[in-house]
Amino acid sequence: MEEKIKGLIIDALAESQGINEDELNEIGLELSRNANNDHGDFSSNIALKLASKLKSPPMKLAEEIIGSLETPAELELAECVKPGFINFYLSAEKKHSVLETIMKHGRDFGSSCAPEKMRVLLEFVSANPTGPLHVGHGRHAAFGDSLARLLKKAGHEVFTEYYLNDAGRQIDILCLSVILEMLRDEGLELKNINGLYKGTYIKEISQALIKEGFEINKKILIPKLDGSADEIVDALILEMKNVIGSELFQKISDKTVSRMTKLLKDDLSDFRVKQDGFYSEKSLFSKGKIEEACEIVKKNGNAYEKDGALWLESSKYGDDKDRVVIREDGRSTYFASDIAYHHDKKMRGFDLLINVLGSDHHGYVSRLEAGLASTGNKASDLDVILMQFVTLYRGKKKIQMSTRSGNFVPMRDLYSEVGVDAARFFYVSRSHDQHLDFDLDLATEQNNNNPVYYIQYANARIKSVLNENKKRGYVFDEGIGKANLVKLDLTIEEEIISLLGKYPETILKSSETRAVNKIANYLKSLAQLFHSYYGSTKFVSEDEEIRNARILLLICVSTIIEDGLDILGVSSPLKM
RNA sequence: GCCCCGGUAGCUCAGCAGGAUAGAGCGUCGGAUUCCUAAUCCGAAGGUCAGAGGUUCGAAUCCUCUUCGGGGCACCA
């Protein structure tokens, strides 16, 4: 319809002002859809835009345009208003037809609206497997999973992935922490060492390994603890590998990582977050992907050697300075892994790579782009979404996020307390580039304050009305409903229908801007209109025609609420 | 020093590919339940959209500066 009206305007402009399409393209023809029906269903500002160019008052122009405007049956009226807007009013039949579309397509209404379908690799969370996921990761998880659902809804093919940092120093430290815990468990007295991982999960893993029959020589020598915490830890790792043998160390390391990974997967899946794949950093080494990437970079003339290290000339691609890829001692940097990993993503055939990262990684973005460019890919294929931080509150009281030993509040604690529905909704209700204050009290309140329940309740009320309809011996007749849509002429009904009609463009816009929170806002508005409608109108009435028409409308509202909530990973209870 | 994000009602926030009177909820005040779920609804009061310039017929929205707050600038991961 939008295109049709635009076409009409173009014709009218040509006739009344002698403006051709090229001239028009310069100015840009916009047609906006209006929320409140004060200004019609669509409006155009074209007369205002043309006024200065044609040196003619906008109102006069608008009148002339309308004068030569054809009006098809779907259009009831076109009028010009005060500053120079042209407002279009659709016929009632046309406006109501969206309900028929929703009845026909059901939950597929608004699906596949993206004009260009892409293969997307969406990477999110990717936290080191050295501890349970905390409330900050929770936001990444909720956002990433919802974005995946949203992009799929819009018609894209989406693969979600978790990059598992299962190699490197942090993993050695994790493994060391577990081994020392095993020794402790066997009665060895050990001083606390800074920089090691603590927490019940370390204990659990060490005990599980002991049960599996892993043994550590108790006569292990702890080297003198001199130097900085980092130096001590590194010395311990080296010593441990020597004493127990790097083979056993590696075995324990593998066991530990796989147990940690299981823990992460459970944290995520219990939060209804689905990762299609876990990509192992270690596999980059074993499959030679890092050397491969280095070769490509060198071949493309984007690397050089200096001070015994291999440097990527990332400054060539917009980074502040060049970066080390292979260290002096021959070990590759984390950045090297990332170059190889992102190149591999492209090789797997994805058009678009989306990374959800913490906002503290923003300095890393240009480096990633440079890495991608230096392997011969387009930097613009990478879309990094930076996530701002989360602060927990209990009412007005800020909750200490981490203890002195560096333990964060686990995300599982959060969603166990407030429930998965509330947690997911709250996490996603604000734009990713804004700080999130997560109020645990608010998330569990059962009233108007709490948008999750407000929306769910709207849907539950609809289900209840449908039941009541049956209970009174009526059978919903879609045919009668469709035939009487024109009777839905209350202002509130028109507002609801208009909002339902905006669902596809909401999906499109929020998927394009990765703004999952727009879905949450949309649902809030829809629920609000519904509750108001509920309070003012009787649905199960004796009049068969209006009853079926209204119930049809309610079914449409319910369809959209359920679909929208599902994008957010929130359930739609039938009863509350 | 450089870079990213933000400042909208007393509070928490929507609105931001420019558009017509800036919206919700809470809180305050006043109402609604013989009726399909009151986890609801209706009404009132409440604003220099941080400040100053600029672009435009038109700016909360775009640009510049200032200011306040959060975060970042490794041969760490």
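All heavy atoms count here, side chains included; hydrogens, waters and symmetry mates do not. Chain A is the first sequence line, chain B the second, and so forth, proteins listed ahead of strands; every chain is numbered from 1.
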Using the [atom1] atom as the reference point in each nucleotide, state the distance between [N] and [M] in Å, no decimals.
N	M	atom1	answer
B/C26	B/G71	P	32 Å
B/A9	B/C35	C1'	36 Å
B/C73	B/A24	C1'	39 Å
B/C49	B/G7	C1'	10 Å

Using a 4.5 Å cut-off on heavy atoms from C-beta on, say whether the side chain of [Y] contacts that of [X].
X	Y	result
A/Tyr533	A/Leu553	yes
A/Arg430	A/Asn517	no
A/Glu313	A/Tyr304	yes
A/Ile555	A/Leu466	yes

In terms of side-chain geometry, is the basic nitrogen of [X] or [Y] positioned less than 4.0 Å from the acidic oxygen of its partner?
X	Y	result
A/Lys60	A/Glu63	no
A/Asp344	A/Lys289	yes
A/Glu30	A/Lys49	yes
A/Glu493	A/Arg550	yes
A/Lys463	A/Glu562	yes

So what does [X] hit on the nucleic acid, given a heavy-atom distance under 4.0 Å: a base, only sugar-phosphate, or nothing?
X	result
A/Asn87	base
A/Lys470	nothing
A/Arg169	nothing
A/Lys49	base
A/Ser43	base
A/Lys575	base
A/Gln528	sugar-phosphate
A/Asp307	base
A/Leu574	base
A/Arg472	sugar-phosphate
A/Ala458	nothing
A/Tyr534	base
A/Lys463	nothing

So if I take every side-chain heavy atom of [X] and compare against [options], which nucleotide ends up nearest?
X	options	answer
A/Lys509	B/G19, B/C16, B/C75	B/C16
A/Val465	B/C75, B/A77, B/C36	B/C36
A/Lys321	B/C13, B/A74, B/A17	B/A74
A/Gln170	B/A74, B/C41, B/A77	B/A77
A/Glu512	B/U40, B/A14, B/A17	B/A17
A/Lys518	B/C42, B/G15, B/G71	B/G15
A/Phe389	B/G71, B/A39, B/C36	B/G71
A/Val81	B/U40, B/A20, B/G15	B/A20
A/Val324	B/A20, B/C75, B/G72	B/C75
A/Asn128	B/G71, B/A77, B/C75	B/A77

> Closest nucleotide of RNA chain B for A/Trp311 versus for A/Tyr533: which of these residues is on the 5' side?
Replying inline: A/Tyr533

>> Taking the nucleotide of RNA chain B with the nearest heavy atom to each, does A/Ser44 or A/Ala167 sit closer to the 5' end?
In response: A/Ser44

>> For Watson-Crick and G-U wobble pairs within 3.5 Å on both distances, what is RNA chain B written in dot-bracket notation, | included for inter-strand pairing?
In response: (((((((..((((.....[...)))).(((((.......))))).....(((((..]....))))))))))))....

Rounded to whole Å, please give me the gap between [atom1] in [X] and [atom2] in [N].
X	N	atom1	atom2	result
A/Asn517	B/C13	CG	C1'	11 Å
A/Leu442	B/G27	CG	C1'	14 Å
A/Tyr197	B/A77	OH	C1'	8 Å
A/Tyr364	B/A74	OH	P	12 Å
A/Tyr522	B/G23	OH	C1'	18 Å
A/Lys471	B/C36	NZ	C1'	9 Å
A/Asp437	B/G69	CG	C1'	13 Å
A/Glu313	B/C75	CD	P	17 Å

> A/Asp329 side chain to A/Arg331 main-chain N or O, any donor-acceptor pair under 3.5 Å?
Replying inline: yes

Extract all donor-acceptor atom pairs below 3.5 Å that involve side chains of residues 363-370 of chain A and protein atoms in other chains or at least two apart in sequence.
{"from": "A/Tyr364", "atom 1": "OH", "to": "A/Asp338", "atom 2": "OD2", "distance (Å)": "3.1"}
{"from": "A/Ser366", "atom 1": "OG", "to": "A/Asp319", "atom 2": "OD1", "distance (Å)": "3.3"}

> Taking the six-membered ring for Trp, are A/Tyr162 and A/Phe278 parallel (under 30°), tilted (30 to 60°) or perpendicular (over 60°)?
Replying inline: parallel

>> Under 3.5 Å, is there a donor on one side chain and an acceptor on the other for A/Glu123 and A/Ser126?
In response: yes

Any [X] side-chain N or O less than 4.0 Å from OP1/OP2 of [N]:
X	N	result
A/Ser532	B/C42	yes
A/Arg430	B/A14	yes
A/Asn450	B/A39	no

>> I'd like to know if A/Asn45 reaches the base of B/G19 with its side chain, counting only an N/O donor and acceptor under 3.5 Å.
In response: yes

> Just by protein heavy atoms under 4.0 Å, how would nucleotides 3-8 of chain B read 5' to 3' in B, S and -?
Replying inline: BSSS--

